[in-house]
Amino acid sequence: MRATEEIIKMAKGNNGTVTTAMVVAAGFSRGNIKYLVDKGMIEKSSRGIYILPEVWDDEIFNLQNRFKRGVYSHETALFLWDLTDRTPNKYHMTFPMNYNLTNPKKENIRCVQCKKEIYDLGIEEVTTPGGNVVRAYSVERTLCDILKPHSRVDIQVVTEAFKRYAANSDKNIPVLSELAKLLKVEIKLRSYLEVLL
């Protein structure tokens, strides 16, 4: 009985979510998870992820648990950082260059790949609307990413994101400029900043 109580406690302490990896790391067997599911004490959310019945299923969190190398980017990162009101109908994730994209694409994820030295730039943690922590690119990195020609982000979304950023007291123009240089979008960035600042 102790194992099942501990697993429920772990879920409660983790925003209503528990993973198979967490349960195994705590020294409990996978059979305990099956027992809890059979009893209706937890529900399977996706492969290896379980939630308490009263908890809202957090798809953003689940996808990142499935694709651990994926970093939320582009319009999904704008949404997570509150730089757009548009809820993504498809999630954007960036992966390292050699990552196999077959499974993420099956999950309807818009995949972007980039070189290792660029992939690691500006990864931060952000809280999802469901209250879970996921990895996404920083505000400044995201603003540079959406200026790239192949990003195909709607011009209205880009303009709104830059307006919100310009009004934000936490904006960091030196970091934004430095990232724009590294990501080769400095000319495009300058045209937005001249209008807004």
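Values below: every heavy atom of this structure, side chains too, minus hydrogens, waters and symmetry copies. All of these numbers come straight from a predicted model, not from anything done at the bench.
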Should Arg190 and Glu194 count as an ion pair when the cut-off is N to O under 4.0 Å? no
Please determine whether a side-chain nitrogen of the Lys or Arg among Glu107 and Arg66 lies less than 4.0 Å from a carboxylate oxygen of the Asp or Glu. yes
Quick one: are [X] and [Y] in side-chain contact, heavy atoms under 4.5 Å?
X	Y	value
Tyr91	Asn108	no
Val134	Leu80	yes
His74	Thr142	no
Thr159	Ile155	yes
Cys144	Tyr137	no
Asn172	Pro174	yes

With respect to Leu78, which candidate in Ile146, Asp85, Val139 satisfies the side-chain contact (heavy atoms from CB on, under 4.5 Å) definition?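 It is Ile146, the one option of Ile146, Asp85, Val139 that forms the side-chain contact (heavy atoms from CB on, under 4.5 Å) with Leu78.
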Which one of Val37, Val55, Thr17 satisfies the side-chain contact (heavy atoms from CB on, under 4.5 Å) criterion with Tyr50? Val37
Just to verify, what does Tyr119 make a ring-ring contact (aromatic ring centres under 6.0 Å, His included) with, not counting sequence neighbours? none
Counting only heavy atoms from other residues, nucleotides and ligands, does the tally under 6.0 Å from CD of Gln156 exceed 12? no
Enclosure of Lys90 NZ (heavy-atom neighbours >12, cutoff 6.0 Å): yes
Quick one: CG on Leu83 to CG on Leu143, what's the gap to the nearest 0.5 Å? 6.0 Å
Atom pair CG (Asn32) and CD1 (Ile42), whose distance is rounded to the nearest 0.5 Å: 9.5 Å
Checking [X] side chain against [Y] main chain: does a donor-acceptor pair fall under 3.5 Å?
X	Y	value
Asp58	Pro129	no
Ser138	Arg141	yes
Asp120	Glu117	no
Gln64	Arg135	yes

Sequence neighbours excluded, which residues qualify as salt bridge (charged side-chain N to carboxylate O under 4.0 Å, His left out) partners of Lys106? none
Contacts of type side chain to side chain donor-acceptor pair (under 3.5 Å), residue Tyr165, not counting sequence neighbours: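 If we apply the side chain to side chain donor-acceptor pair (under 3.5 Å) test to Tyr165, skipping adjacent residues, the hits are Glu140.
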